[in-house]
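In this text, all values refer to a predicted model and were calculated from it rather than measured experimentally.
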Amino acid sequence: MTDCLNQADLVCDFEAFSKVVRTRRSVRAYLPEPVPVDVMDACLDLALLAPTSHNLESWQFIDVRDGAKLDLLRHCCLDQPATKAPNLVVAVARPDFWRSGRKLMLAAIAREETPGRLPPLMALKYQLQIPLIFMDGPFHFLAPLKRLVTWGIGLFTVSWRVEVGRSGQVLWATRTTALACQNLMLALRAAGYDSCAMEGFDEPRLKRLLKLPRAARVVMVIAAGRRAEGGVMPQYRFERERYVQRV
């Protein structure tokens, strides 16, 4: 589980990264050439290295390649111009993954433990804290109680105001998934391809098409491919002081 990098691995090329960020644009028109499977897999692997809350990896990426499914997916995305891209990747928030993610983390920690040693603090976190945060009971009936307790504690001291219930868990998973989406789009640009993140879609129909469970929430659909002429819209950015402050 431990990923130790040597000093050479920590030296990065800021100018190269800046070029990737500055040349990434939301592209609406694409050449018909699809992103090769091996390139897409490499980009998805980098997406999965994004920060993830509690290491629970509450995301799922579906690289739609089947022609018939692509046509239906384009229609679910309202047939926007960007849907004509040769590749569409559906980014899904999976708040229901917390249980399986917890088990995977406990197994990974156990493999690193010394036999006979008491469980480390990290293991206790996944044994006790994670269920306390995410377990709301049937129909999330414990959520109001959790909200009341954290609110009460917050009256007297600095307190983590827990996002609870169905809406809180969806928000938690969506934040994490969005971070991975940005990794994916930057990775595609670094590989010489372009992308467009789309939020306009018929989610119930899209979920039925991909047979996603009720707990899943579609965060965005990412078009991918090589940009065609006229596919890049002007980019507008306003005064830096409006968005960046230093206090």
Given 3.5 Å as the limit, does a donor-acceptor pair link the side chain of Ser18 with the main chain of Phe14, or not? no
Determine yes or no for a side-chain-to-main-chain donor-acceptor pair under 3.5 angstrom, with Arg24 supplying the side chain and Met185 the backbone.
-> no
In this structure, CG of Leu184 is separated from OG of Ser195 (nearest 0.5 Å) by 7.0 Å
**Message:** For Gln169 and Asp136: C-alpha separation, side-chain torsions, deciding distance, then whether side chain to side chain donor-acceptor pair (under 3.5 Å) applies.
**Reply:** CA-CA 10 Å; Gln169 292 184 13; Asp136 288 334; 3.3 Å; yes
>> Check for me, please, whether Leu206 and Phe61 land in the same ILVMFWY cluster - side-chain distances under 4.5 Å, paths through other members count.
In response: no
Per side chain to side chain contact (heavy atoms under 4.5 Å, CB included), Arg74 is matched among Val221, Asp79, Val64 by Asp79
Within the side chain of Lys146, is there an N or O that forms a donor-acceptor pair under 3.5 Å with the backbone of Leu132?
-> yes
Task: Side-chain (Glu33) to main-chain (Gly225) donor-acceptor, under 3.5 angstrom - done: no
Is there a donor-acceptor pair under 3.5 Å between the side chain of Tyr126 and the backbone N or O of His54? yes
Point to revise | Short N-O contact, Asp71 and Lys69, less than 4.0 angstrom | key: no
Exercise for the section: Spell out, as yes or no, whether a donor-acceptor pair under 3.5 Å connects the side chain of Lys207 to the backbone of Ala216. Expected result: yes
Between Met40 and Val35 the two heavy atoms that sit nearest each other are N-CG1, 3.9 Å
Exercise. Does the side chain of Tyr193 reach to within under 4.5 Å of the side chain of Val39, using non-hydrogen atoms?
Worked result: yes
Quiz item: Can Arg94 and Glu57 be counted as an ion pair, charged N to O under 4.0 angstrom?
Solution: no
Interatomic distance, OH@Tyr243 vs CZ@Arg237, rounded to 0.5 Å, equals 8.5 Å
Looking at Asp194 and Arg226, does any basic side-chain N land under 4.0 Å from a carboxylate oxygen?
-> no
Rounded to the nearest 0.5 Å, the CG atom of Leu179 sits from the OG1 atom of Thr52 at a distance of 9.0 Å
Quick note, side-chain hydrogen bond (donor to acceptor under 3.5 Å, both in side chains) partners involving residues 171-182, not counting sequence neighbours, are Ser53-Trp172
Rounding to 0.5 Å, atoms CG (Leu46) and CG (Leu188) come to a distance of 9.5 Å
**OP:** Report the relative orientation of the aromatic rings in Phe238 and Tyr236; use parallel for angles under 30°, tilted for 30 to 60°, perpendicular for over 60°.
**Re:** parallel
Heavy atoms of Pro34 and Pro86 approach each other most closely as CA-CB, 3.7 Å
In this structure, CG of Leu155 is separated from OG1 of Thr157 (nearest 0.5 Å) by 11.0 Å
Under 3.5 Å, side chain of Arg166 to main-chain N/O of Ala215, donor-acceptor pair present?
yes
